[in-house]
K.L.:
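For reference, the structure I am asking about is given below.
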Protein chains: 2
Amino acid sequence: MARLTPAEEMRLLTKVSKLYYEENLTQDEIMARLHLSRSKVSRLLQQARDVGIIKITVLSPPGLYPELERELETRYHLQEAVVIESRQPEAQQVVSREIGTAAAHYMLRTLEDHDVIGISWGTALSHMVAALQPRRVPDAHVVQIIGGLGKPEAEVHATDLCRRLAQLLQCKLTLLPAPGIVDHEQVKSVILSDSHVRHAFELFPQITVAYVGIGAPTPDSVLIRDGTILTWQEVNELIVKGAVGDIALRFFDDNGHPIYSEIDRRVIGISLEQLRQVRRVVGVAGGPQKVAVLRGALRGGLINVLITDHVTAGRLLEKEHQGIPAIKGETNVVS
Amino acid sequence: MARLTPAEEMRLLTKVSKLYYEENLTQDEIMARLHLSRSKVSRLLQQARDVGIIKITVLSPPGLYPELERELETRYHLQEAVVIESRQPEAQQVVSREIGTAAAHYMLRTLEDHDVIGISWGTALSHMVAALQPRRVPDAHVVQIIGGLGKPEAEVHATDLCRRLAQLLQCKLTLLPAPGIVDHEQVKSVILSDSHVRHAFELFPQITVAYVGIGAPTPDSVLIRDGTILTWQEVNELIVKGAVGDIALRFFDDNGHPIYSEIDRRVIGISLEQLRQVRRVVGVAGGPQKVAVLRGALRGGLINVLITDHVTAGRLLEKEHQGIPAIKGETNVVS
DNA sequence: TTTATTACTGAAAAATTTTTCACTTTTGTT
DNA sequence: AACAAAAGTGAAAAATTTTTCAGTAATAAA
């Protein structure tokens, strides 16, 4: 109601701030006490925050990397980034396990009653399921989004992962009873006519959250290791075409753009386009080999939650060839 | 929805805190982002504050004494204390002026449209009015609560104060056209029969805020100085009875209890009991001589807003003969 | 001076946050 | 293992805070 001198204003600012933040009075009580209007108190507090009379600090306990998370989230338009501290950040196996554990916690934290959970495949996801504490969520639904990998007779990995997960959650389960990749396109169309397979495919649009591993095309990757899934020659072809890695056997380049090829047509599983329709795609990956792929996946908006380790996170935030920003409109739906 | 490990909980706490306090997301946005329930986010923030992850500091600019104010308010159940920094805290005259200025600011800040303002008398109040910036508050009402002091022909001070104040506020004015103290009780009853005087008295219960000076019975006080108001002998009598000072010529002791006497019966003005009925009584006083009286007034709950200087404030907070607390139920109504 | 612009106000509306409540899960105890 | 107690949960209600709005006062410009 009045015109105040700067000094008097300062005193009022300080006083209101103290009463609010130190004495925990409500703004109403302060208003009564100091004979101000409700709005004035609110505005005063706002001003005090702006001017710096009120200082709010959030301290991060050691072992947490909220700044890295924050930067990743901002830079790549992520819904959330989870960065854990790795004890052996260069050891692919160790990192995968650590990240898998973090992913399990993340799942536990974010799981909702009617979630339809798409699961791909990979070491990290495997560790995730291994680390997951059992929890009854009967209305959830686990859906396999890529066929079991490797030769038909070995089609265990992806399928198994889903089965174990569904068991831990005691929830519904839809498997994709097919190999992840077949030898000829014709075989694929035959398989796709199977009603079970079709059933899984039809569920893709209903997936509310997908957990995906991210593959790097290195010689020792599981993909190539024993030649059962892809040959080194095939992978090389893809690399020549610009591939930096894959999500559920869908290869993509530096910018997350899909790389179509003969190989792609032989894959039985969700497409990158379909994956992009999923509201929440959680990428679970870390370790030195994954940096390049992750960068592509992030740039292309193929994932919108990232679970990784602090070293990988740091690398993903390095200037990167003069920071080409993630392309607008290609990001997954967020809200 | 989930059971979290302590480490994971820490991360969540930190993350939520950062998003809320550093990114300024709403709890709703955080909920969407982190897939938590609205309540959970609120509780998490509460917890983070409790645990100390979030630290809120209010820094007081130099020259302000929010701690002293706070302590005074708490110790003496005050609605508000205003402590200003005095440049010459031992010089009664200087302090009075400084405090008067502070009181003017306080009035400007808290003045409301329909306030009925009771005004007593004193050096500090005089400075207050002198320092007051003009401000039109036509519905306010200034009421003189103690007769003009001294001999009838000198009855200027209190009256004048009120008149000047009313002019500055361009508001209604009710004077108490009588001396503050008369020679004989009989004279008083005659005066009280005057309709103007009665009018002022009838307004006392409607006073919403009273500004009162606080008198110390020292030889150089204006009260005694020229012998026009009280003689040293009269004052001495009061001191013997335990008086530490007065508010509007109503003397009281260490604990703010009124001291009744022949003198008291000759005073024309508000009584301490009536003053106590006033929702807000602002005591304006400081300087070395006022410490003892102020202590009495504060202990007795005779005032519930105090405007003083930092040295006096400090003295008022000294242990005081093993801190007899202000007596409950004797305090003025606060809300 | 008068006028136009800007800033500021309090009340009410809208938005946000906290608490309550009814219920479920976990944990500790017999 | 069965049970009771305690802790934790989300939805809704209640409380609190912020913003909007319409109007007023202060300041700047003419």
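Letters A, B, ... mirror the listed sequences (proteins, then strands); counts begin at 1. None of these values were measured; they are calculated from a predicted model.
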K.L.:
Just jot down the ring pair (Phe, Tyr, Trp, His ring centres under 6.0 Å) partners of Y106(B), sequence neighbours excluded, or say none.
P.N.:
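None.
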
K.L.:
List the protein contact pattern of nucleotides 14-19 of chain D with one symbol per nucleotide (5' to 3'): B for base contact, S for sugar-phosphate-only contact, - for none; contact means a heavy-atom distance under 4.0 Å.
P.N.:
--SBBB

K.L.:
What is the distance from CG of D113(A) to P of dT9(D), rounded to the nearest Å?
P.N.:
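It is 14 Å, rounded to the nearest whole Å.
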
K.L.:
Without hydrogens or angle criteria, can the side chains of R11(B) and H105(A) be said to hold a donor-acceptor pair below 3.5 Å?
P.N.:
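Per modelled atom types, R11(B) and H105(A) side chains form no pair under 3.5 Å.
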
K.L.:
Among all residues two or more places apart in sequence or in another chain, which pass the side chain to side chain contact (heavy atoms under 4.5 Å, CB included) test with T74(B)?
P.N.:
R70(B)

K.L.:
If an axis is fit to five pairs at each end of the helix from dT1(C)-dA30(D) to dT30(C)-dA1(D), what is the angle between the two, to the nearest 10°?
P.N.:
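The end axes of the helix from dT1(C)-dA30(D) to dT30(C)-dA1(D) are about 40° apart, to the nearest 10°.
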
K.L.:
Just to verify, what does E80(B) make a side chain to side chain donor-acceptor pair (under 3.5 Å) with, not counting sequence neighbours?
P.N.:
K15(A), R109(B)

K.L.:
Return the value, rounded to whole Å, for the distance between atom CG of L36(B) and atom P of dG10(D).
P.N.:
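Computing the L36(B):CG to dG10(D):P distance gives 8 Å.
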
K.L.:
Between P on dG8(D) and CZ on R135(A), what's the gap in Å once rounded to a whole number?
P.N.:
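Spelled out: CZ on R135(A) to P on dG8(D) is 15 Å.
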
K.L.:
Does E22(A) have any salt bridge (charged side-chain N to carboxylate O under 4.0 Å, His left out) partners at least two apart in sequence or in another chain, and if so, which?
P.N.:
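E22(A) satisfies salt bridge (charged side-chain N to carboxylate O under 4.0 Å, His left out) with K18(A) only.
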
K.L.:
Separation of H35(B) atom NE2 from dG10(D) atom P, in whole Å?
P.N.:
13 Å

K.L.:
How long is the line joining NE2 of H114(B) and C1' of dG10(C), in whole Å?
P.N.:
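About 13 Å, once rounded to whole Å.
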
K.L.:
Give the rounded distance in Å between these two atoms: CG of L111(B) and C1' of dG10(C).
P.N.:
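L111(B) atom CG is separated from dG10(C) atom C1' by 15 Å.
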
K.L.:
Who are the ring pair (Phe, Tyr, Trp, His ring centres under 6.0 Å) partners of F204(B), not counting sequence neighbours?
P.N.:
F201(B)

K.L.:
Tell me which pairs pass salt bridge (charged side-chain N to carboxylate O under 4.0 Å, His left out) where either residue lies in residues 46-62 of chain A, with sequence neighbours left out.
P.N.:
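Counting only pairs at least two positions apart or across chains, no salt bridge (charged side-chain N to carboxylate O under 4.0 Å, His left out) contact touches residues 46-62 of chain A.
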
K.L.:
At under 4.0 Å, does any side-chain N or O of K40(A) touch on OP1 or OP2 of dC8(C)?
P.N.:
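K40(A) to dC8(C) OP1/OP2: no side-chain N or O under 4.0 Å.
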
K.L.:
Test of understanding: with salt bridge (charged side-chain N to carboxylate O under 4.0 Å, His left out), list the residues that count as partners of E202(B), not counting sequence neighbours.
P.N.:
none

